[in-house]
Amino acid sequence: MDYFFDETQQMIVETAREITREKILPVRAELDEKNEFPREILHDIAKADLFGIFVPEEYGGLGGGCYEIVLAMEELARGCVGVATSYAASALGIFPVILAGSEEQKEKYLPDIATGSRWAAFGLTEANAGSDASGIRTTAVEDGDSWVLNGTKQWITNGGESEIYTIVALTDPSKGARGASIFVVEDGDPGFSYGKKEDKMGIRSSATRELIMKDCRIPKDRLVGRRGTGFITVMKTLDLSRPGIASLGVGLAQAALDEAVTYAKQRVQFGKPIISFQAVQHMLADMAMQTEAARALVYAAARHIDHHPKDMSKASSMCKVFATDVAMKVTTDAVQVLGGYGYMKEYPVEKMMRDAKILQIYEGTNQIQRNVIGQELNKEYS
Amino acid sequence: MHIIVCVKQVPDAKDVRLDPRTNTLSREGVESIMNPYDRHALEEAVAIKEQLGGKVTVLTMGPPQAESMLREAIACGADEGVLISDRAFAGADTWATSYTLAKAIQTLAPASLILCGKQAIDGDTAQVGPGLACRLELPYATCVQKTRSVSTDSIEVERMMDDGYDVLRLPLPALLTVVKDINEPRVASLKGKMKAKKATCTVLSAADIEADPHNIGLAGSPTQVVRVFSPEARGDRKVFTGTVEEQVAQLVDSLRPYL
């Protein structure tokens, strides 16, 4: 369907599509097989200015909104969700600085993020703090002109690959979530190191790693926003980033649909291409409807968010749940349409099905998203 | 450093048609792309500019529609586009083309380096690059697979050979033709695309470059295409058997009647 993009949006779509065609498709199976971080592709994405989309113009970016970001991510995800996740993680990692950072912090970090010469990552999750993010144990203690951080972050996307990390830590542990603050930790800071690199089911080209802070001493001015406002910034960050994850679902579902239809037209059984059988046609029809509905919801949510409404969370969560559930369903059905071939690594749909699963889990599980939607409804109707 | 990149708009190899009357490639109505080798020449020029500073000018001879390719080149990092376009240039062979390009280059700011693709995928002659260097009396290297080092007054390159490569150092100004191994062309950037949209390309006519009418277009082309045809399918095949000596003897016997 035509969504009547403006000229800039059309350029973003075309540029991301070209990256997918020229740089991602030829190597995605190999990156997946070897568990290899797509460093070269991220450099190509940087040269094409796509890292600038989410950075304000005054810091060298393109000043795009949520809508522009989801358009780029959708196209990259059509190639590989692992690569697209690595790109998305840099946006997620820098959102706290864009949303709550000081002028000095923005000037220091945003121009490099815009050119893609440095990448970011977001450090929230810990071993005992997943869905319950308030359960974090990492602490930050003021010591003279420094903050000293202690704790371990788990499953951090782009961990060990990025140079800039936004870390959520407790500055007042007794206050729980209200005692959390965000800090920028840079690669090479004393006491900052990387731990175990995960071996994952899907999105295998993305790096998922532990961040270890052991008496990690950073300058005072690395505190992002006011002390104790960390969780508010985290929630705003996730409201902005979830439509991006949703768009990965849309791109992935579209890629799976493309593969399934192409295959169904070629595969002959009982003397006919299998697309001529109603059982297959109905599956493809459902896949196409669900994918388009997901896309429409993601675009609508992104446009809604770009107008800075108060009720961002519900729209953000709704599109995340819907589009990622669609991605899981459509990729699973694509494997079914391809039958035995779909289960083999010679065809791309088995990777797509493995990649889809994480979309329902990370950036807040789909169960947590439904909680958010439910709570918002409860408020709305009170 | 000023670098000129000569590019050509060619029919997409997926969609090649011949004009049955003139036996030349029909360009109208056919999807056109930038000659793939030229894309690598452009990438190399932009990479050198990023290293040493300066300006990259893309130059093409072609119909007005070729301007879209110049814009694409600007989106990929070129600074300026120059289109040599005139009905009088139509039907040029490699002799007339290299003459025309040379005349146009003489009207532009002096360049330290001229880069071309090894050959165009439509004509496949690989003659225009060397022809242009001769017209301009420049040292040149063909089939360059790598730039080893470059400074403002010389360049050291690897020239691809059948059994390895030669290392050549050329004083600048010089001309190079490049093969695909030299680099991975970048995807046009968003800022580049925005710049390309606003850019105005210079258009030069035969009069602008002071071209001698006898040396341009079909009239200036010693190569006249008499007939274009698809070759016949292969004829009879014969498989020799036996020891190598026996096979060679059989081969010599079967060739003898034609000697």
Side-chain angles (χ1 to χ4, degrees), chain A residues 5-27 38-65 67-69 71-73 75-76 78-79 83 87 91 111 113-117, chain B residues 5 7 12-15 31-53 56 58 68-79 117 121 146-147 178-200:
Chain A
F5 300 143
D6 67 26
E7 212 170 0
T8 307
Q9 290 163 345
Q10 192 60 41
M11 271 186 206
I12 289 170
V13 169
E14 282 165 15
T15 304
R17 192 170 286 174
E18 211 179 328
I19 293 278
T20 289
R21 190 180 60 233
E22 302 291 326
K23 310 292 180 184
I24 300 178
L25 290 181
V27 296
R39 205 164 289 115
E40 282 306 311
I41 299 173
L42 293 184
H43 287 309
D44 291 323
I45 290 173
K47 276 193 207 166
D49 296 330
L50 294 179
F51 276 107
I53 294 176
F54 47 81
V55 174
E57 274 177 292
E58 56 266 42
Y59 304 105
L62 292 154
Y67 198 13
E68 282 72 24
I69 298 170
L71 294 179
M73 288 190 190
E75 290 301 328
L76 296 175
R78 282 177 79 166
V83 174
Y87 167 77
I113 293 291
T115 58
S117 57
Chain B
V5 185
V7 294
D12 197 338
K14 296 190 289 282
D15 190 19
E31 175 95 43
S32 294
I33 58 167
M34 189 190 299
N35 178 41
Y37 291 101
D38 302 350
R39 210 169 254 294
H40 293 265
L42 173 65
E43 174 62 35
E44 199 62 12
V46 173
I48 293 173
K49 178 186 81 168
E50 284 169 351
Q51 189 191 335
L52 297 178
V56 173
V58 275
S68 64
M69 174 190 55
L70 295 179
R71 286 184 193 284
E72 194 187 331
I74 290 169
C76 290
D79 298 280
I121 59 163
K146 189 177 179 181
T147 302
V178 308
V179 294
K180 290 183 179 178
D181 308 56
I182 193 164
N183 55 38
E184 273 294 321
R186 72 192 67 193
V187 168
S189 69
L190 290 173
K191 286 181 181 167
K193 281 178 183 166
M194 288 171 189
K195 186 180 158 197
K197 199 157 56 81
K198 290 185 211 131
T200 42

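Worth saying up front: this structure is predicted, and the values here are computed from it rather than measured. In what follows, chains carry the letters A, B, and so on, assigned in the order in which the sequence lines appear, proteins first and then strands, with residues in each chain numbered from 1.
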Query raised in the report: Contact part of E14(A) toward chain B, heavy-atom cut-off under 4.5 Å: side chain, backbone, both or neither?
Result: both
Query - Where L62(A) and M194(B) come nearest, the two heavy atoms and their spacing - result: CD2-CE, 3.9 Å
Query - Check: S189(B) main-chain N/O paired with D49(A) side-chain donor or acceptor under 3.5 Å - result: no
**Report entry** CD (E184(B)) with more than 12 external heavy atoms under 6.0 Å
**Finding:** no
Query raised in the report: K193(B) and side chain to side chain contact (heavy atoms under 4.5 Å, CB included): which partner among T15(A), T8(A), I12(A)?
Result: T15(A)
Expected list for residues 40-47 of chain B: side-chain donor-acceptor pairs under 3.5 angstrom, two or more places apart:
unit_1: H40(B); atom_1: ND1; unit_2: K180(B); atom_2: O; d: 3.2
unit_1: H40(B); atom_1: ND1; unit_2: N183(B); atom_2: O; d: 3.1
unit_1: H40(B); atom_1: ND1; unit_2: N183(B); atom_2: OD1; d: 3.0
unit_1: E43(B); atom_1: OE1; unit_2: R186(B); atom_2: N; d: 3.0
unit_1: E43(B); atom_1: OE1; unit_2: R186(B); atom_2: NE; d: 3.0
unit_1: E43(B); atom_1: OE2; unit_2: R186(B); atom_2: NE; d: 3.4
unit_1: E43(B); atom_1: OE2; unit_2: R186(B); atom_2: NH2; d: 3.0
unit_1: E44(B); atom_1: OE1; unit_2: N183(B); atom_2: ND2; d: 2.9
unit_1: E44(B); atom_1: OE2; unit_2: T147(B); atom_2: OG1; d: 2.6

Report summary line: One option among H43(A), K23(A), E22(A) has the most heavy-atom pairs under 4.5 Å with chain B, and it is K23(A)
**Report entry** Test side-chain hydrogen bond (donor to acceptor under 3.5 Å, both in side chains) applied to K146(B) - qualifying residues, sequence neighbours left out
**Finding:** none
Requested in this report: Would you mind telling me which of L50(A), I19(A), I45(A) has the largest number of heavy-atom pairs within less than 4.5 Å of chain B?
Outcome: I19(A)
Report task. Mind listing the closest non-hydrogen atom pair of A48(A) and A188(B) along with its distance? Result -> CB-O, 4.2 Å
Requested in this report: Just give me the residue among E7(A), M11(A), K47(A) that pairs up with chain B most often, heavy atom to heavy atom, under 4.5 Å.
Outcome: M11(A)
